[in-house]
Amino acid sequence: MNQPKLRSLLILAALTLQAFAAEPVHLDHKGERWAASTLRHMSLEEKIGQMLMIWVHVQYMNTQSPEYQKLTDAIHTYHLGGFGVSVAVDGPLLLKGDPIEAAFLTNSLQKQSKYPLLMAADFERGASMRLIGPTDFPAAMAFGATNDPALARQFGQVSALEARAIGIHWNWFPDADVNSNPANPIINTRSFGENPAQVSTMVTAYIDGARGAGLLTTAKHFPGHGDTDTDSHLALARVTGDTARLNSLELVPFRAAIAAGVDSVMIGHLVVPAVESDPNKPASVSGSVITGLLKNQLGFKGLVVTDGMDMNGLVSTFSGTRPQISAEESIAAVLAGDDMLILPPDLDGAYHGLIDAVHQGKISQQRIDESVLKILRMKASVGLNTNRLVSLDDAAKAIAAPENITLAQTVADRAITLAKDGANLVPIQPAQKEKLTAVIFTDSPRGSDGTRAFIAELRQRAPEASILAVDNVNAKFISESVLHAVKEADRVIILAEAVPSGGRIRGGNATGSAGLDTAPAQLLATIAKTAGNKTIFTAFGNPYTGVNVPGIETYICTFSNVPTSARALVRALFGEIPIQGHLPVTLPGIATRGTGITH
């Protein structure tokens, strides 16, 4: 696409955003009065309920079904403050829902509640993270590779437009973690990069764009999950840096987010010895971290929210039955300074545990009122005091507008980074009539939307190419066929798909993994050893996937495994778009941050 046409489309996208965007996040005098008045008329039980949030999965539910009745009973029994809107999973796969179905569901639940519900979501890549159809943005690290905060700002705007259209008010994003540890199993591409200044710039831009279009934002995972080697979904992670290190690295983007007006900060299930002396007390229940560091030292006045309280990084530090653990961790969280507690392992245990703690004098009424007022003010800031429903017709107009799809593809195109090309294999010249073989290492036996898009795009340009798929199940059985095809090929494309995913264990690593499992990794190493000088290795997602594989001469990163990234990759491989990305992280033994071979 020529540059003038691209500029015109981006201008059109901006104008469309202005036309459809919700009111900016703004608390007016009417909202202030509503929040104060509502708090005065609430019972203790209603106040406690406002501090709790559980999952709801986007799926069709008959309003008389047991599934729907369970949700409405939770609203009425526990006076919930809101829901985290997500989808069901099948192993590593998200069973994505429909946007209109999501809008219908949020409307339906709002009608059941005495108080307006705050609807939140983990839309780290926008609504397409959980739903089929919305604009398909790549992961945060792809934005880091573009080094263009204007794109991050527009990303925030589109995310807000599409989220608000389906009744979502609060995004648990941006990720303010600095991914300084290549072995990090859970942050990885969810971070904008390893440089605190660049991460700060991107975080600030996203917050500006999202809040300006009416979406509440969250900086996570305080005080910084980037330099850890443990997935906190599985176990308690540890941040080992001293105070000087925290101030110069981990805390830099959080300070920037606070200065930018971020609405909430999410606390990670992390042990931070530089701040909290108790080696078994996660930051999420540490008064030293939340009240001492975040509120008093950094001056944050907004909503403090826990990471998921059902994660093993927190649950493992308590003992007892599931209801007892929920009660104890909820009490500890409130005493530490958390305002909203999301996804307790047992809702009834958390709810009654907090009520009992107030009656017993462990938690004061004033402390509860402080948090609930913040929650009500957040609700009023996005207009829930005057209107809690969305128009299904408006949602259909807002989701996946053509100019926003173009914007997402532009980000993916500009993110493609050629870190190394010692054998001068890029771009591929179709006229050379080479025998081309592609080996796809997939995250799942069924592949992903991204790998399927890659295959379709490659077939269009090289219909006679041999394409083989390797997964954790078939790797040992297909290795001989793959190595034979690689040996016979003139040029080989390796697509190594690996992305961070909560709770994933590979190769027996009990602390999590964002890389290939053992058998696929062994096959990859053999291919690189025998055919490295004719192999184009692509890190399709996790950029570090091939750094410990000797023999790789050509190394490309997409920083995401979504279809837009797949299309961008194939276009770049065949010289149809310029390669212009620069590494937002260092790839040990391959290339340093900020570098990239451009074509």
Side-chain angles (χ1 to χ4, degrees), residues 25 27 31-32 34-36 38-39 42 44-54 78-84 115-120 169-173 176 216-223 254 257-258 261-269 282-311 314 326-344 347 350-351 353-355 357-358 362-382 384:
V25 175
L27 186 62
E32 289 277 17
W34 174 83
T38 301
L39 179 67
M42 279 182 167
L44 172 63
E45 291 75 14
E46 289 174 328
K47 292 175 183 177
I48 295 297
Q50 289 298 295
M51 299 172 68
L52 299 171
M53 181 175 279
I54 63 173
Y78 301 106
H79 318 288
L80 293 175
F83 286 92
Y115 302 105
L117 296 165
L118 190 61
M119 297 293 187
H169 319 104
W170 183 20
N171 193 9
W172 294 328
F173 194 73
L216 296 164
T217 55
T218 310
K220 65 184 186 184
H221 306 81
F222 189 83
F254 288 100
I258 292 168
V262 72
D263 304 283
S264 62
V265 171
M266 179 178 285
I267 314 298
H269 303 316
S284 48
V285 291
S286 167
S288 298
V289 172
I290 298 171
T291 300
L293 178 58
L294 178 60
K295 295 183 178 180
N296 294 342
Q297 292 186 39
L298 272 60
F300 181 62
K301 305 299 182 186
L303 192 84
V304 181
V305 58
T306 65
D307 204 346
M309 298 187 74
D310 57 351
M311 293 166 60
L314 179 63
S326 280
E328 291 304 315
E329 65 179 21
S330 297
I331 293 167
V334 173
L335 289 174
D338 289 298
D339 299 305
M340 181 160 263
L341 317 181
I342 66 170
L343 319 178
L347 175 60
Y351 175 76
L354 288 172
I355 292 173
V358 175
K362 294 179 181 178
I363 301 175
S364 69
Q365 282 267 14
Q366 181 181 359
R367 174 67 192 85
I368 298 298
D369 287 355
E370 174 189 319
S371 290
V372 176
L373 183 60
K374 285 185 185 180
I375 294 165
L376 294 173
R377 292 177 83 249
M378 273 187 66
K379 292 182 178 184
S381 74
V382 289
L384 285 172

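What you are looking at is a predicted structure, and each value in this text was computed from that prediction instead of being measured.
- Between L39 and K47 the shortest heavy-atom distance is O-CE, 3.6 Å.
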Report the C-alpha distance between L80 and L347 in whole Å, list the side-chain angles of each, state the deciding distance to 0.1 Å, and finish with yes or no for side-chain contact (heavy atoms from CB on, under 4.5 Å). CA-CA 10 Å; L80 293 175; L347 175 60; 4.0 Å; yes

List the steps and the verdict of side chain to side chain donor-acceptor pair (under 3.5 Å) for Y115 and E46. CA-CA 9 Å; Y115 302 105; E46 289 174 328; 3.0 Å; yes

Take F222 and L298 through the side-chain contact (heavy atoms from CB on, under 4.5 Å) test and state the conclusion after the steps. CA-CA 12 Å; F222 189 83; L298 272 60; 3.8 Å; yes

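- Minimum interatomic distance between Q50 and I375 (heavy atoms only, all atoms of both residues): O-CD1, 3.4 Å.
- Between the CE atom of M309 and the CG atom of D338 there is a distance of 7.0 Å, given to the nearest 0.5 Å.
- Screening residues 371-381 for salt bridge (charged side-chain N to carboxylate O under 4.0 Å, His left out) gives E32-R377, D339-K374 as the qualifying pairs, with residues at least two apart or on separate chains.
- Between A350 and P344, the shortest heavy-atom contact is CB-CB, 3.8 Å.
- When L314, D307, L294 are each tested for a side chain to side chain contact (heavy atoms under 4.5 Å, CB included) with I267, only one passes: L294.
- Considering every non-hydrogen atom in both S264 and T218, the closest pair reads OG-OG1, 2.8 Å.
- Of the possible polar contacts, none joining the H169 side chain to the S381 backbone as a donor-acceptor pair under 3.5 Å is found.
- Residue pairs satisfying the salt bridge (charged side-chain N to carboxylate O under 4.0 Å, His left out) criterion with at least one member in residues 287-306, sequence neighbours excluded, are listed as follows: K295-E370.
- Here the side chains of W170 and V382 are not in contact, with every heavy-atom distance at 4.5 Å or above.
- Using a 4.5 Å heavy-atom cutoff, the side chains of L216 and V25 are in contact.
- Two residues are said to be in side-chain contact when any heavy atoms from C-beta on lie closer than 4.5 Å; P223 and V289 meet this criterion.
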Taking it one step at a time, do L354 and I368 satisfy side-chain contact (heavy atoms from CB on, under 4.5 Å)? CA-CA 9 Å; L354 288 172; I368 298 298; 5.6 Å; no

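- In this structure, the side chains of I54 and F83 come closer than 4.5 Å at one or more pairs of heavy atoms.
- Between Y78 and Y351, the two ring planes are perpendicular [angle over 60°; tilted spans 30° to 60°].
- Contact check for H79 versus I48: no side-chain heavy atoms found under the 4.5 Å cut-off.
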Under the side-chain contact (heavy atoms from CB on, under 4.5 Å) criterion, do V304 and V265 qualify, and how do the steps go? CA-CA 5 Å; V304 181; V265 171; 5.5 Å; no

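- For the pair A283 and G268, the tightest heavy-atom approach, listed with the atom from each and the gap, is CB-O, 3.5 Å.
- In plain terms, the two heavy atoms of A336 and T291 that are nearest each other are O-OG1, 2.8 Å.
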